[in-house]
Amino acid sequence: MGRVALVTGGSRGIGAAISKALKDAGYTVAANYAGNDEAAKAFTAETGIKTFKWSVADYDACAEGIKAVEADLGPVDVLVNNAGITRDAMFHKMTPQQWKEVIDTNLTGLFNMSHGVWNGMRERKFGRIVNISSINGQKGQAGQANYSAAKAGDLGFTRALAQEGARAGITVNAICPGYIGTEMVRAIDEKVLKERILPLIPVGRLGEPEEIARAVVFLSADDAGFITGSTISANGGQYFL
Ligand code: CAA
């Protein structure tokens, strides 16, 4: 049987493209999602990929959810921590709630999910964890003190965990997408997107979700074992790090 991959936020946006690409590469895929039942249903109908509902911000729900996935499909070999939210506001208007929601999902979510698969990966001496960070975790972004902090935290988490997993055959890597044409980016005010963001992207367009998914497939492969603790930037030349 092929390897099992679990993708958080895996039924929409970049996550949906990742789930599909991993399936096409031969993985048995489980797509987690938090809220949108209709999108998840449609996604399963379209792709045949099973969806599982829980919030990555909830530690106990992650433990239960991972148990359910493993009972159904087998031990998780590949975890893609993709689920993320935005609550953009200039800092002087940002509420503690907006800060907390983003940190809980985009940073603590990685702890919650990785903790749930870590011991199994250690025992089996194989694992792949791919964390979807962001260009805005690398460079910072006005209006996103919460998101930039969480996504920068994801990179520190990646590098620390890579060192712990190395001897157990577990790699931990990050991908930093730039501005990709998903609902999240299209939710930005059109004027802001057109006048302040697009002109900064040298390739002159938003990225496609599939352009992130191909990097995930690369890092998830069995023969990618020497690549760990690394960050792949996929941002159309907007920022180099
Ligand atoms: N740098 C410095 N100052 C900026 C700025 C910037 N990049 N952008 C806006 N400002 C200033 C404005 O000039 C304005 O100043 P004045 O009041 O002196 O005129 C002030 O900040 C307020 O700007 P807005 O009128 O835009 O404020 P708003 O409250 O209406 O909106 C906002 C604030 C919601 C944060 C809006 O600016 C916005 O959506 N910005 C884009 C943020 C962004 O890039 N989000 C990425 C989402 S996609 C994503 O996160 C995926 C990923 O990983 C890439």
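For ligands, and for the atoms within them, numbers begin at 1 and follow the listed sequence.
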Side chain to side chain contact (heavy atoms under 4.5 Å, CB included) evaluation trace for F52 with T8: CA-CA 9 Å; F52 297 80; T8 68; over 6 Å; no

Please write down residue, atom name and distance for the protein heavy atom closest to [atom].
atom	value
atom 40 (N) of ligand 1	V192 CG1, 3.8 Å
atom 45 (N) of ligand 1	D88 OD2, 2.8 Å
atom 51 (C) of ligand 1	Y147 OH, 3.5 Å
atom 35 (C) of ligand 1	G143 CA, 3.5 Å
atom 46 (C) of ligand 1	Q144 NE2, 3.4 Å
atom 39 (O) of ligand 1	I188 CG2, 4.0 Å

So [Y] and [X], do their side chains get closer than 4.5 Å, heavy atoms only?
X	Y	answer
N119	R122	yes
C176	Y239	no
M94	D88	no

Verdict with reasoning, V4 to V78, per side chain to side chain contact (heavy atoms under 4.5 Å, CB included): CA-CA 6 Å; V4 173; V78 177; over 6 Å; no

Distance-only N or O hit between ligand 1 and S134, under 3.5 Å: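 Yes, at least one N or O pair falls under 3.5 Å.
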
As a check for students: among [options], identify the option with a heavy atom nearest to [atom].
atom	options	value
atom 13 (O) of ligand 1	H92, R196, E183, Q238	R196
atom 49 (C) of ligand 1	K191, K93, M184, M90	M184
atom 1 (N) of ligand 1	C176, A142, A145	A142

Expected output: side-chain R124 to main-chain V76 donor-acceptor under 3.5 Å: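 Yes: the side chain of R124 pairs with the backbone of V76.
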
Backbone of S114 reached by a side-chain donor or acceptor of N81 within 3.5 Å: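 Checked: no pair found.
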
Ion pair R128/D77, N-O distance below 4.0 Å: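 Salt bridge between R128 and D77, a charged N being under 4.0 Å from a carboxylate O: no.
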
Side chain, backbone, both or neither: the part of D189 lying under 4.0 Å from ligand 1 by heavy atom: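 No part of D189 comes within reach of ligand 1.
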
I197, portion touching ligand 1 at heavy-atom distance under 4.0 Å: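 Side chain only.
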
